[in-house]
Amino acid sequence: MFLDARDWMVQLVLTVSIAACVARAASPPQPPTPPQPPAPPPPPGFVVFAHPAGQSCPAGATCSFDCERGGCAFACASGATCNFACDGGGCELTCDAGATCNFECDGGNCQLAAATGSTVNFECDGGNCGTSCAPEATCRVECDGGNCRTGCAPESSCVVDCDGGNCS
């Protein structure tokens, strides 16, 4: 018995479909991805900001960032050198371990977190700034506007110049 072309095509399509189903069923199921462990807590004296950084400088790089309107967040990775100018105020800078950060906050109300082993120079002309200096970090803070808060962990090196007064 001979098959006409139409029967032959139907048989070919059915054979290919069955082969595809068998091949698909033969692949082993993938195991579910295990949940990730929670991130470790920050070291003592290290501030965690409420929102993630908007800009970042990669490890070992040198970066400059200027925030004219204010409200910016910036992260400086380990071993990087970062220059951050916040003209409008209300900015946040995270300086990771081994990084060097130069932060100028003309508008005031800025926050700086210096990790263990980092070196920071923070100038707060507008006042009302906060600094957190972790163990073994070197923090130099100049607060011309006054009302600044500096938290220095044991074994950190903090030098605070408060020309505006009422600093703690």
Side-chain angles (χ1 to χ4, degrees), residues 29-168:
Q30 298 295 327
T33 304
Q36 297 296 319
F46 190 83
V47 172
V48 177
F49 295 128
H51 60 82
Q55 297 280 339
S56 62
C57 184
T62 298
C63 302
S64 293
F65 183 68
D66 188 14
C67 179
E68 293 179 8
R69 292 182 288 166
C72 300
F74 193 75
C76 190
S78 181
T81 299
C82 300
N83 301 301
F84 183 30
C86 178
D87 297 333
C91 295
E92 298 175 348
L93 174 63
T94 303
C95 193
D96 288 347
T100 299
C101 299
N102 301 301
F103 186 13
E104 183 177 343
C105 178
D106 291 335
N109 298 305
C110 293
Q111 302 296 315
L112 170 69
T116 299
S118 62
T119 300
V120 299
N121 298 298
F122 185 21
E123 183 180 331
C124 179
D125 293 334
N128 297 311
C129 293
T131 305
S132 175
C133 195
E136 300 178 17
T138 300
C139 299
R140 291 178 197 90
V141 179
E142 182 180 319
C143 182
D144 292 337
N147 297 314
C148 292
R149 296 154 317 284
T150 302
C152 297
E155 301 178 16
S156 65
S157 172
C158 291
V159 176
V160 179
D161 179 9
C162 183
D163 290 339
N166 200 27
C167 295
S168 58

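All residue numbers refer to positions in the sequence shown, counting from 1. Note: hydrogens, waters and symmetry copies are ignored here, and every other heavy atom, side chains too, is used.
By the 4.5 Å heavy-atom criterion applied to side chains, L93 and C101 are counted as neighbours. A 4.5 Å side-chain heavy-atom check between E142 and E104 finds every atom pair outside the cut-off. Side-chain contact between C63 and F74: present, with at least one pair of heavy atoms (C-beta onward) separated by less than 4.5 Å.
To the nearest 0.5 Å, atoms CD (Q111) and SG (C91) are separated by 10.5 Å. Rounding to the nearest 0.5 Å places CG of D144 at 7.0 Å from CG of D161. For the atom pair CG of D125 and CG of D106, the computed distance is 5.0 Å after rounding to the nearest 0.5 Å. The CZ atom of F84 lies 8.5 Å from the CG atom of D66; values are rounded to the nearest 0.5 Å. Atoms SG and CG, from C82 and D96 in turn, are 9.0 Å apart once rounded to the nearest 0.5 Å. Note that OG1 of T81 is 8.0 Å distant from CG of N102, once rounded to the nearest 0.5 Å.
When all heavy atoms are compared, the tightest approach of A59 to A77 is N-CB, 3.4 Å. Counting all heavy atoms, side chain and backbone alike, R149 lies closest to N128 at NH2-O, 3.9 Å. Residues A115 and A134 approach most closely at C-CB, 3.7 Å, considering heavy atoms.
Under a 3.5 Å cut-off, the side chain of S78 and the backbone N or O of A97 do form a donor-acceptor pair. Of the possible polar contacts, one joining the T116 side chain to the P135 backbone as a donor-acceptor pair under 3.5 Å is found. In this structure a side-chain-to-backbone donor-acceptor pair under 3.5 Å is missing from R69 to C67.
Checking each of C143, C95, C105, C139 against F122 for a side chain to side chain contact (heavy atoms under 4.5 Å, CB included) leaves exactly one that passes, namely C105.
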